[in-house]
Amino acid sequence: CSPGWGIGFFTSPEKVVHHGTVSEDGFPGWAGAIHLSPKHGLLIGSDEGKGTDYLYAYKDESTARYSIGDRSVSAIADVGAVVYIGTNRGLLQLRKGEIEVVNAGEGLPCSVITCLSIDSQRTLWIGTEGGGIGRFDGNVLQLLTIPGGLLNNVVRDIAIEDDGTAWMATEGGLLRY
């Protein structure tokens, strides 16, 4: 465990390099989510504590910082050139260097996003804090209808196997779909 708040990196089995509030090399101190993307590098969602939060992208020794307004990042996923950012105030996307709010027909009944996952068809699965699960194909957002219903509408994580089987961790237990 790294000391205090921030991000810790294991540089060897004996040493952790800790980055506090915002370190001299640009790493944020508070991280709500991280994601390693082959295309975009290391993505970190942070909260600067000043009403403006950021998505940081680190790739090939360069750093980019994108303002996402007053939102806490809870999940990050990417499909090709698009990075999706789940927050406590909805879904955002980073496309061509610009952050945009995803407004797919006001489809999710809850704007607090807890997790994101991508399936083999490049569909984004969205878990929420009480609104169940949505799926977004890049154009249309639809609520997932499960025979018998979800065990609980608070979805903590989603894992999708190569064959398309989805596992959902909810506050009511584990669901296989």
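Rounded to the nearest 0.5 Å, atoms CD (Q142) and CD1 (I133) are 12.5 Å apart. To the nearest 0.5 Å, atoms SG (C110) and CG (N88) are separated by 10.0 Å. In this structure, the separation between OG1 on T87 and CG on L55 is 11.5 Å, given to the nearest 0.5 Å. Note that CD1 of I85 is 10.0 Å distant from CD of E100, once rounded to the nearest 0.5 Å. With values rounded to the nearest 0.5 angstrom, L91 atom CG is found 5.0 Å from I126 atom CD1. For the atom pair OG of S72 and CD1 of I113, the computed distance is 12.5 Å after rounding to the nearest 0.5 Å.
In this structure, T63 and Y56 approach most closely via the heavy-atom pair CG2-CD2, 4.4 Å. Minimum heavy-atom separation, H40 to S37: N-OG, 3.0 Å. Scanning all heavy atoms of the two residues, the minimum distance from S46 to D53 falls at O-CB, 3.2 Å. Among all heavy-atom pairs drawn from A33 and A75, the shortest one is CB-N, 3.6 Å. The two residues A159 and S117 come nearest to each other via the heavy atoms CA-OG, 4.5 Å.
Among residue pairs with one or both ends in residues 66-78, none qualify as salt bridge (Lys or Arg N to Asp or Glu O under 4.0 Å); sequence neighbours excluded. For residues 160-177, the salt bridge (Lys or Arg N to Asp or Glu O under 4.0 Å) pairs, not counting sequence neighbours, are R156-E171.
Following chains of ILVMFWY side-chain contacts shorter than 4.5 Å, one can reach I34 starting from Y54, so the two form part of one hydrophobic cluster. In the hydrophobic clustering of this structure, I118 groups with L141; members are Ile, Leu, Val, Met, Phe, Trp, Tyr whose side-chain heavy atoms approach within less than 4.5 Å, directly or through other members. There is a path of hydrophobic side-chain contacts, each under 4.5 Å, that joins I99 to V83. By the criterion of side-chain heavy atoms lying less than 4.5 angstrom apart, applied directly or through intervening Ile, Leu, Val, Met, Phe, Trp or Tyr residues, V112 is not grouped with I76; the two fall into different hydrophobic clusters.
R89 is linked by a salt bridge (Lys or Arg N to Asp or Glu O under 4.0 Å) to nothing, counting only residues two or more places apart in sequence or in another chain.
By the 4.5 Å heavy-atom criterion applied to side chains, Y66 and L94 are counted as neighbours. For the pair T128/V155, no side-chain contact is recorded, criterion being any heavy-atom separation below 4.5 Å from C-beta on.
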- [ ] Just do the side chain to side chain contact (heavy atoms under 4.5 Å, CB included) check on Y84 and V79 with the steps written out, would you?
- [x] CA-CA 8 Å; Y84 291 102; V79 177; 4.2 Å; yes
TODO: Start with the C-alpha distance between V140 and R135, add both sets of side-chain angles, then the distance that settles side chain to side chain contact (heavy atoms under 4.5 Å, CB included), and finish with yes or no.
DONE: CA-CA 8 Å; V140 176; R135 290 190 296 188; over 6 Å; no
TODO: Verify side chain to side chain contact (heavy atoms under 4.5 Å, CB included) between W167 and L174, making sure each step is shown before the conclusion.
DONE: CA-CA 7 Å; W167 294 88; L174 185 64; 3.8 Å; yes
TODO: Apply side chain to side chain contact (heavy atoms under 4.5 Å, CB included) to W125 and I160, showing your working.
DONE: CA-CA 9 Å; W125 291 58; I160 303 171; 3.4 Å; yes
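In terms of modelled atom types and a separation under 3.5 Å, the side chain of T114 and the main chain of G127 share a donor-acceptor contact. The backbone N or O of L43 lies less than 3.5 Å from no partner atom in the side chain of K59, so there is not a single donor-acceptor pair.
Atom NZ of K39 has 12 or fewer neighbouring heavy atoms from other residues, nucleotides or ligands inside a 6.0 Å radius.
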